[in-house]
Amino acid sequence: MASVAHPESIVTTEWVAENLGNSSVRLVEVDVDTEAYDQGHIPGAVGWNWTSQLNDELTRDILSAEQMGELLGESGISPDTTVVLYGDNNNWFATYAFWQMKIYGHSDLKIMDGGRQKWVDEGRELTTDATSVESATYDAPAPDLSIRATRDYVLNVASTNNNTGLVDVRAPEEFDGTLLAPAHLPQEGSQRGGHIPGAANIPWASAVAEDGAFKSVEELQAIYGGMGISGDGETIAYCRIGERSSHTWFVLSQILGYEKVRNYDGSWTEYGSIVGAPIER
């Protein structure tokens, strides 16, 4: 049986339960539903609001080094803290936070496999008690942007057909241009529907089992390799706003061990509105 490429990046719900109260571990919940944390969270976890705390609301950009340092410090996280991220929707925004923290070099970083769903389904405790933390000092270093794809980078890939693997992790209806966003969301965010030329459509949910945990390495290798995404060259994942694609980025880089994987967080909201950008339907 093949093993996870970076086992240090994943922990089980059992591991988390055994480490509740461990002062060197900080649990962080990041949900699509920004009210879910207040309705109940793992004891000792702090909550991050992705809409206001994980992006610069004026520039629609990832956090700056200063903003990241402030967020981590006020969450009681220092550079040597073990951070365990989890959330709803199979860890969409937990992996988005993981990706951003990797950009700023935090070394001891983990995803709780299965997220909030698995924790609850196993009958484990949630609490509405407020989590009090002692603030810390965190000076985030300059970003490592090798795991991020920008608009110009993706436009170059789309126009030169340079054998970079593109993974569109959205639903098939978004990929073919029928929808501009997931069916349950307002149909807004881009001017055109479709996908980046040459992209393979491998919906993010292909990577998770019914209990919300990641599928086995063998299953994942078959899913992505079967669509031509083998990790031999560079791979770029994208969705609509970058959170679903961060989930796939995590699968490819941390579980399968692909060495050159970027998340295009501008994703279709940006690309689908660029004047003159090539698209396919």
Side-chain angles (χ1 to χ4, degrees), residues 4 6-55 63 68-102 104 106-136 138 204-205 207-215 243-244 246-247 249-251 254-255:
V4 172
H6 294 284
E8 72 279 4
S9 296
I10 304 177
V11 292
T12 63
T13 52
E14 289 81 8
W15 187 96
V16 172
E18 291 168 0
N19 281 272
L20 293 181
N22 185 335
S23 61
S24 66
V25 175
R26 174 68 61 225
L27 297 173
V28 181
E29 180 170 329
V30 197
D31 298 310
V32 177
D33 178 1
T34 56
E35 297 180 357
Y37 173 84
D38 292 332
Q39 296 166 3
H41 50 268
I42 298 176
V46 298
W48 289 348
N49 184 319
W50 69 268
T51 65
S52 59
Q53 292 179 286
L54 285 178
N55 65 85
L63 299 181
M68 178 62 77
E70 289 177 356
L71 175 63
L72 298 180
E74 70 187 18
S75 301
I77 297 169
S78 61
D80 59 353
T81 300
T82 297
V83 178
V84 178
L85 295 149
Y86 74 96
D88 63 4
N89 279 51
N90 304 105
N91 285 325
W92 278 9
F93 277 102
T95 53
Y96 181 73
F98 183 105
W99 170 72
Q100 277 205 59
M101 289 183 68
K102 277 293 187 186
Y104 286 107
H106 193 85
S107 57
D108 198 352
L109 194 57
K110 307 176 188 298
I111 290 290
M112 186 180 79
D113 197 11
R116 184 182 171 100
Q117 173 191 338
K118 198 167 192 299
W119 181 272
V120 171
D121 287 349
E122 291 172 343
R124 299 187 186 278
E125 176 188 5
L126 293 178
T127 181
T128 56
D129 293 345
T131 298
S132 178
V133 299
E134 183 177 345
S135 61
Y138 201 114
W204 70 273
V208 297
E210 289 186 8
D211 65 354
F214 295 109
K215 290 181 179 177
E243 88 294 5
R244 288 177 288 175
S246 70
H247 187 278
W249 171 87
F250 183 91
V251 170
Q254 304 303 301
I255 298 179

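Predicted, not measured: the structure shown is a model, and the values here were computed from it. Counting from 1, the numbers follow the sequence of the chain as shown.
In this structure, CD on E74 lies 14.5 Å from CD on E134, to the nearest 0.5 angstrom. With values rounded to the nearest 0.5 angstrom, S9 atom OG is found 8.5 Å from I111 atom CD1. Rounded to the nearest 0.5 Å, atoms CG (L126) and CD (E29) are 7.5 Å apart. Expressed to the nearest 0.5 Å, how far CG of N91 lies from OH of Y86 amounts to 10.0 Å. Atoms CG and CH2, on N22 and W15 in that order, are 6.5 Å from each other to the nearest 0.5 Å. Taken from CZ in R244 to CG in N90, the straight-line distance is 12.5 Å, to the nearest 0.5 Å.
The backbone N or O of D108 sits nowhere less than 3.5 Å from a side-chain atom of T82 that would complete a donor-acceptor pair. One N or O on the side chain of D31 and one on the backbone of D88 form a donor-acceptor pair closer than 3.5 Å. Judged by distance alone, the side chain of R26 and the main-chain N or O of S75 form a donor-acceptor pair under 3.5 Å.
Here W92 and W204 bring their ring centres to under 6.0 angstrom of each other.
Shown here is E210, whose CD atom has no more than 12 heavy atoms of other residues, nucleotides or ligands within 6.0 Å.
Closest approach of F98 to K110, counting heavy atoms only: CE1-N, 4.0 Å. Nearest approach of I77 to A136, heavy atoms of both residues: O-CB, 3.6 Å. V208 and K215 get closest at one heavy-atom pair: O-CE, 3.2 Å. When all heavy atoms of T81 and H106 are compared, the closest pair comes out as O-NE2, 2.8 Å. Residues L54 and Q100 come closest through the heavy atom pair O-NE2, 2.6 Å. Taking both residues in full, the closest heavy atoms of P43 and E125 are given as CD-O, 3.6 Å, listed atom of the first, atom of the second, then distance.
With a 4.5 Å cut-off on side-chain heavy atoms, D121 and D211 do not count as touching. The side-chain heavy atoms of V30 and Q53, taken from C-beta on, include no pair separated by under 4.5 Å.
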Chi angles and distances behind the side chain to side chain contact (heavy atoms under 4.5 Å, CB included) call for Q254, I10: CA-CA 9 Å; Q254 304 303 301; I10 304 177; 5.8 Å; no
Worked verdict on K118 versus D113 for side chain to side chain contact (heavy atoms under 4.5 Å, CB included): CA-CA 8 Å; K118 198 167 192 299; D113 197 11; 5.7 Å; no
H41 and W119: CA distance, side-chain angles, deciding distance, side chain to side chain contact (heavy atoms under 4.5 Å, CB included) verdict: CA-CA 10 Å; H41 50 268; W119 181 272; over 6 Å; no
Stepwise side chain to side chain contact (heavy atoms under 4.5 Å, CB included) test for I42 and L20: CA-CA 9 Å; I42 298 176; L20 293 181; 3.6 Å; yes
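Across W99, Y96, F214, a single residue satisfies ring-ring contact (aromatic ring centres under 6.0 Å, His included) together with F250, and that is F214. Screening L85, T51, N49, V32 for a side chain to side chain contact (heavy atoms under 4.5 Å, CB included) involving F93 leaves a single residue, V32.
Residues T95 and S246 bring a donor and an acceptor atom of their side chains to less than 3.5 Å of each other.
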